[in-house]
Amino acid sequence: MASLTTPTSFLLFFSPSPKPFIKKSSTPILCHSTTSTSPPPEPTSSTSPSLSDQLKPLSLTFLQTPTTPNPKPKPTWVNPSKPKPSVLSLVRHKRRHPHSSPNPNPTPLALLSRKLSLSTTDAQFSAAIALAFPAGAPPPPLDSSLHLLSTLRPWQNSLRFFHWLKTTSPSSDATPTILYNVLMKSLRSARQYDLVESLARRMLDENTPLDNITYSTVITCLKKCQRYDDAIDWFERMYRTGVIPDEVTYSAVLDVYARLGRREEVVGLYERARAGGWNPDHVALSVLARMFGEAGDYDGIQYVIGEMKGSGVKPNVVVYNTLLEAMGRAGKPGLARSLFEEMVSTGLAPNEKTLTALIKIYGKARWGKDALELWERMRANSWPADFILYNTLLSMCADLGLEEEAEKLFEDMKMGGGCRPDSWSYTAMINIYGSLGKAERALELFEEMIANGVEPNVMGCTCLIQCLAKAGRVGDAVRVFETSLARGIKPDDRLCGCLLSVVALCEPEEMESVLACLEKANPRLVGLVKMLGEEGTSFDEVRDEFRGILNEANVDTRRPFCNCLIDICRNRHYPSQRAHELLYLGTLFGLYPGLHEKTSEEWSLNLRSLSVGAANTAFEEWMKSLSSSVDNLELLPRSFSVHTGSGTHRFSQGLPVAFASYLKTLDVPFRRDELRCGSFVAAKEDVISWVQSRAAAVAT
DNA sequence: GTAGGGTTAG
């Protein structure tokens, strides 16, 4: 890549299509397209064709819907020697029923299980088992073995029992599949996922048949540790070895593809199974709904609802919860509300998750009134609440600035039974007081939290530091940071961004103490801050180091980092070109999409996502480019506008006010737009005469 | 807890 020469003006608003210098390789993709918001293309299949690729031609055959009704449909599968290929078996595995009848009293077997569970070493276990099953005595019957395998604790004892069983039974006897399956389930609940997979490999090695239960257990284990590709390998192995998945295994795999974001393949597999005569159940529909919700795909959600109605499945509470969540993600709060009313009217009782999903949706939509009404209705109907629901309500109050309601809820939690405030609850309260500028109350809550033995989390610590610094209490903010670090909080990128903003806004004599905090969290950022302050640092050095830091940072914190660094450069009187260099790089890296727009009617500058310093810097660049346009006699629009937003958002740093006062110092023709809140406008004639008068001033 | 799949938080 050719090195970019240090430009005197960064041509921010001219460069036709800036090529980002971001490494092209893997995960940290910093170069978003600035024009398109469409998701990245689906990953293409690798070396061997995937299962769904192989199934595609068949799927097309099945999915053909004749445009004209065919009076005599020709059966597709006429040759009985060639059975209709099916991707899934419509028959579920029969559940095995133990021979013994249920007994309310602890059986000898249950007592034995307890005794064996006391073992903590191989030797102890061997001794205990030798007592229960003396040499020469018959081995335990299958039912007893199954009971022991699934009830022994901890999982090591299940494994020891399994090994003992294998050594005691004659080697000619194959180990029944069910023993493996039950052991696997036990290991899965102990989160020993790798062990489950190695047991499945052992079954393959010793030719113990794997059935649908084995496969679905292995697949869900791999799913739980995000080894999705391995899960798909096992699924494909089923077909290779002639085991046709049933609906349980099939929906587990649909979920695997869904979590990989391979939506087209999920739909392909789903429709393929539908074409084979399968009627989806609640689980499959939930998987689809979750997937479309995750993607914010409203059409997909409608498809699921259509499938539900079409196949006659009456949604249960889980399906409703998933659909509600999906509606929320797709940004349809009104539809979520009607779906909820539909659910209640069918007589289904909402549970904690239903209500949590709704409160989240109402909060995001800023429907405080609806959220509070729902809360009243919950109490009136005695609908269930848990601490997640309480915390969601508190967070909603924090987002909407509902101080009194939050305090009432928080008191409820302290008084009530099972829902004691935890670090999330305290964080929400600190967030409320912090965003209302009540630094003292926020600090009191932090101290109360620690006094009550609730460990602070990184979010609460960030909120508190932010609010203390805003109140000018930088020393307290530094102390909170030190305390939190000492209590084992691991600073994340958000906290670093928060510290960086304190570096920008604190008094000069406080800067070193804040940088010392940041040094412990992200020394590289401190290095960059120092580099920026030095006269001798070249543009290329800034670019490379800044890019390196951004590539390491969480995507959501990249723009805040850039904003804060620009503020630091301006507030600390760093070399004057620095702020412009950073804004240029930020734009190049795609951190400020849609910064300016041109229509024939109006050219506009959108400063809404910029900090005060970044906004001023961007405005200066923009005015430079407008001057050039005037000088070059370009076709100009009737008006020019700058948008700062109304400043009512909770995180707003008062940009409209700051920008208005900055405008006054500049003597530029922009004036507040009386019609559009947070906008500033100038007419073409005023801009032209301003440019000409400046040129005249320079000439004299 | 006596074989397998889906839903909850900045």
Side-chain angles (χ1 to χ4, degrees), chain A residues 92-102 107 109-110 113 117 142-153 158 176-186 188-190 196 210-221 223 245-256 258-259 280-291 293 315-326 328 351-360 363-364 385-396 398-399 422-425 427-428 430-431 457-460 462-463 492 494 556:
Chain A
R92 280 271 284 266
H93 204 291
K94 286 274 181 299
R95 222 180 141 94
R96 198 176 167 280
H97 292 288
H99 297 300
S100 54
S101 56
T107 60
L109 198 55
S113 173
S117 291
L142 184 61
D143 281 338
S144 308
S145 297
L146 293 175
H147 180 97
L148 287 172
L149 273 178
S150 57
T151 57
L152 284 177
R153 293 292 173 273
S158 295
T177 301
I178 189 171
L179 280 180
Y180 274 102
N181 290 347
V182 173
L183 174 63
M184 283 179 176
K185 193 194 159 195
S186 190
R188 190 185 56 181
S189 57
V196 171
L210 285 74
D211 62 13
N212 258 289
I213 296 176
T214 322
Y215 279 112
S216 59
T217 311
V218 173
I219 287 165
T220 51
C221 283
K223 204 163 73 178
D246 65 10
E247 64 176 342
V248 176
T249 318
Y250 207 75
S251 358
V253 168
L254 288 181
D255 194 38
V256 171
R259 279 166 205 260
D281 63 1
H282 293 141
V283 177
L285 292 172
S286 293
V287 166
L288 290 185
R290 206 198 76 92
M291 173 182 80
N316 62 10
V317 67
V318 177
V319 172
Y320 270 117
N321 290 353
T322 317
L323 282 170
L324 284 172
E325 180 111 344
N351 65 16
E352 295 90 336
K353 291 174 188 177
T354 320
L355 299 166
T356 301
L358 267 183
I359 293 291
K360 250 175 76 184
K364 211 173 110 191
D386 62 4
F387 72 103
I388 294 181
L389 176 53
Y390 266 101
N391 284 345
T392 306
L393 278 159
L394 279 179
S395 301
M396 183 271 300
D399 284 342
D422 66 354
S423 65
W424 287 67
S425 329
T427 297
I430 290 171
N431 201 356
N457 61 25
V458 66
M459 171 83 171
T462 306
C463 290
D492 60 4
R494 281 169 192 255
D556 295 338

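Chain A is the first sequence line, chain B the second, and so forth, proteins listed ahead of strands; every chain is numbered from 1. Atoms considered below: every heavy atom in the structure, side chains included; atoms not considered: hydrogens, waters and symmetry mates.
The shortest distance between the side-chain N/O atoms of A:Lys223 and the OP1/OP2 oxygens of B:dG6 is below 4.0 Å. A:Arg290 has no side-chain polar atom (N or O) that falls below the 4.0 Å cut-off from OP1 or OP2 of B:dG5. Phosphate proximity of B:dA3 to A:Lys185: absent, as no side-chain N or O sits under 4.0 Å from OP1 or OP2.
Side-chain atoms of A:Thr220 and A:Arg188 include a donor-acceptor pair closer than 3.5 Å.
Atom-to-atom, CG of A:Leu358 to P of B:dT7 comes out at 18 Å; the value is rounded to the nearest Å. Rounded to whole Å, the distance from CG on A:Asp211 to C1' on B:dG4 is 9 Å. We find that NE2 of A:His282 is positioned 15 Å from P of B:dG6, with the value rounded to whole Å. Between the CG atom of A:Asn351 and the P atom of B:dT8 there is a distance of 11 Å, rounded to whole Å.
Take A:Tyr180 and apply the ring pair (Phe, Tyr, Trp, His ring centres under 6.0 Å) test, not counting sequence neighbours, and it matches A:Phe162. By the side chain to side chain contact (heavy atoms under 4.5 Å, CB included) test, A:Arg494 is found to be paired with A:Asp492, A:Thr557, residues two or more places apart in sequence or in another chain being considered.
Electrostatic pairing of A:Arg290 and A:Glu325 does not count as a salt bridge here, judged by no charged N lying under 4.0 Å from a carboxylate O.
Contacts of A:Thr354 with the nucleic acid, taken as non-hydrogen atoms under 4.0 Å apart, are absent.
Here the side chain of A:Val283 is nearest to one of B:dT7, B:dG6, B:dG4, namely B:dG6.
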